[in-house]
Amino acid sequence: MINPEYFWRLIILLGIGTFTIRFSIIALSSKVKISDRVKEIFSFIPAAVLPALIAPLVFYHKGSVELIFGKERFIILVLATIVCYYSRSMMLTIVFGLFALFGITNI
Amino acid sequence: MTSFKDGFKAMLPITTGIIPFALVMGTISSEAQLSLMQTIGMNIFVFAGASQLASIDLMLKNTEVLIILVTGLMINMRFMLYSAAMSPTLKDSKLLTKLSAAYLLTDQNYAVMSANQDHLKSSTETIKFFFGSSLCMILTWNTGVILGFVFGNFAPTSWALDYAVPLSFVALVIPSLKNNKYVMVAGFSSISSIVLTNLPFNLGLICTAVLAISLGAYLTKKKRAL
């Protein structure tokens with residue numbers, strides 16, 4: 001059982017810290033002029049950050065299909081990336097991935 | 001008003017990735033014997049799922065507050081990049097708009113906004129779109145967490161619905177890849193995060209983000225006449 005006092009102390013500090021991070025550069029927005037070059041660099045942020053949030057979790061996940069060394073989640077994610085790239089459909093990507101994983105782990 | 005609705009609608013497909021994550025969050029909160037008020041309090045004060053999950057895990061091990069705080073803030077450091085990317089749009093907004101937008105920043109609504117940036121004509125439209133997608137995000141997240149807390153993870157285990165989380169991130173990244181340079185940066189980010197995964201305090205994520213953005217900057221560097 002987590003001590004409530006310990007819990008709230010952490011959550012309030014984490015809340016303040018996280019909000020400060022989120023507000024940091026927005027707070028400066030009217031004071032600092034952001035050049036087109038910097039905006040161009042900012043446009044790489046989703047490509048630079050989002051893959052790093054999921055790639056390790058999926059890559060190191062220990063799966064159950066021995067034939068492919070338990071790497072079914074990683075392999076299907078690569079295939080889903082290709083499906084997404086050509087279809088440009090979020091729904092199709094997610095449905096494909098879930099059915100592919102269900103298929104490969106249940107046959 | 002239409003941009004607000006458009007933002008809400010653009011977020012709907014992504015809810016398939018938010019719900020399983022929220023259910024896991026709610027289930028883990030209840031397994032850790034947190035009260036419903038603590039669970040909702042965490043959602044309101046922190047509103048950043050990955051750091052909330054890591055914090056519960058560390059609190060169960062009675063880790064020192066400072067260490068959990070540093071770990072959580074490292075996980076959330078990426079929001080500074082989103083804050084930077086949002087700042088040109090918000091530069092003429094009222095303080096209250098800036099504060100609300102900052103509070104609502106998440107991976108999903110930032111990515112959806114970024115993918116739709118070309119259709120959004122003005123800053124005002126972009127901000128409305130962002131608030132629309134944020135409303136969808138916050139409703140889905142809190143509903144999912146409460147359902148997970150009350151009922152546990154009720155999805156049948158043969159269907160690994162938690163896998164919808166990484167799949168939804170694929171669907172978020174792909175529309176932001178405008179050309180091969182972006183594809184290279186995303187590929188680099190994946191490999192680097194896998195290689196650096198064992199660095200303490202989630203430094204692997206931050207190092208990867210910095211290196212991958214630097215790669216993007218290098219690839220788009222204008223050739224200077226000598």
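So you know, we letter chains A, B, ... as the sequences are listed, proteins then strands, and number each from 1.
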By a 4.5 Å heavy-atom criterion (distance strictly below it), what part of [X] contacts chain A: side chain, backbone, both, or neither?
| X | value |
| --- | --- |
| B/Lys181 | both |
| B/Tyr110 | side chain |
| B/Leu99 | both |
| B/Ile67 | neither |
| B/Asn62 | both |

For [X], which atoms come within 4.5 Å of any heavy atom of chain B: side chain, backbone, both, or neither?
| X | answer |
| --- | --- |
| A/Phe99 | both |
| A/Thr20 | neither |
| A/Ile54 | side chain |
| A/Lys39 | side chain |
| A/Arg73 | both |
| A/Phe19 | side chain |
| A/Leu53 | both |
| A/Leu101 | side chain |
| A/Ile34 | side chain |

Looking at every non-hydrogen atom in both residues, tell me the closest pair between [X] and [Y] and how far apart they are.
| X | Y | value |
| --- | --- | --- |
| B/Ser190 | A/Pro51 | OG-CB, 3.5 Å |
| A/Trp8 | B/Gln38 | CZ2-CG, 3.6 Å |
| B/Ile194 | A/Tyr60 | O-OH, 2.8 Å |
| B/Leu205 | A/Val49 | CD1-O, 4.4 Å |
| A/Thr18 | B/Val46 | CG2-O, 4.0 Å |
| B/Leu167 | A/Leu98 | CD1-N, 3.7 Å |

Measure the [atom1]-[atom2] distance between [X] and [Y] for me, rounded to the nearest 0.5 Å.
| X | Y | atom1 | atom2 | answer |
| --- | --- | --- | --- | --- |
| A/Ile41 | B/Leu219 | CD1 | CG | 11.0 Å |
| A/Ile45 | B/Asp107 | CD1 | CG | 12.0 Å |
| A/Ile21 | B/Asn76 | CD1 | CG | 6.0 Å |
| A/Ile2 | B/Leu60 | CD1 | CG | 4.0 Å |
| B/Leu73 | A/Leu14 | CG | CG | 5.5 Å |

B/Leu81, B/Leu215, B/Thr220 screened by side chain to side chain contact (heavy atoms under 4.5 Å, CB included) with A/Phe44, the one that passes: B/Thr220

Give the C-alpha distance, both sets of side-chain angles, the deciding distance and a yes or no for side-chain contact (heavy atoms from CB on, under 4.5 Å) between B/Gln117 and A/Ser43. CA-CA 10 Å; B/Gln117 204 117 55; A/Ser43 72; over 6 Å; no

In terms of heavy-atom pairs under 4.5 Å, which option from [options] contacts chain B the most?
| options | answer |
| --- | --- |
| A/Asn106, A/Ile12, A/Ile25 | A/Ile25 |
| A/Met91, A/Arg9, A/Glu40 | A/Glu40 |
| A/Ser24, A/Ala47, A/Ser30, A/Ala80 | A/Ala47 |
| A/Thr105, A/Ile11, A/Val38 | A/Ile11 |
| A/Pro4, A/Gly15, A/Ser89 | A/Gly15 |
| A/Leu92, A/Ile76, A/Thr93 | A/Ile76 |

Tell me if the NZ atom of A/Lys71 is crowded by more than 12 foreign heavy atoms within 6.0 Å. yes

A/Asn3 CG: over 12 foreign heavy atoms closer than 6.0 Å: yes

Counting heavy-atom pairs under 4.5 Å to chain A, which of [options] comes out on top?
| options | answer |
| --- | --- |
| B/Ser83, B/Ala212, B/Pro166, B/Pro13 | B/Ser83 |
| B/Val210, B/Thr63, B/Thr89 | B/Thr63 |
| B/Gly41, B/Ser87, B/Ser168 | B/Ser87 |
| B/Met184, B/Gln33, B/Lys98, B/Met86 | B/Lys98 |
| B/Ala111, B/Ala217, B/Ser55 | B/Ala217 |
| B/Val173, B/Ile44, B/Thr208 | B/Val173 |

Show your reasoning for whether side-chain contact (heavy atoms from CB on, under 4.5 Å) applies to A/Leu57 and B/Phe169. CA-CA 12 Å; A/Leu57 294 174; B/Phe169 273 74; over 6 Å; no

Any donor-acceptor pair under 3.5 Å from B/Arg78 side chain to A/Leu50 backbone: no

Hey, does the side chain of B/Tyr163 reach the backbone of A/Leu77 with a donor-acceptor pair shorter than 3.5 angstrom? yes

Test side-chain contact (heavy atoms from CB on, under 4.5 Å) applied to B/Ser193 and A/Phe59, step by step: CA-CA 10 Å; B/Ser193 63; A/Phe59 185 78; over 6 Å; no

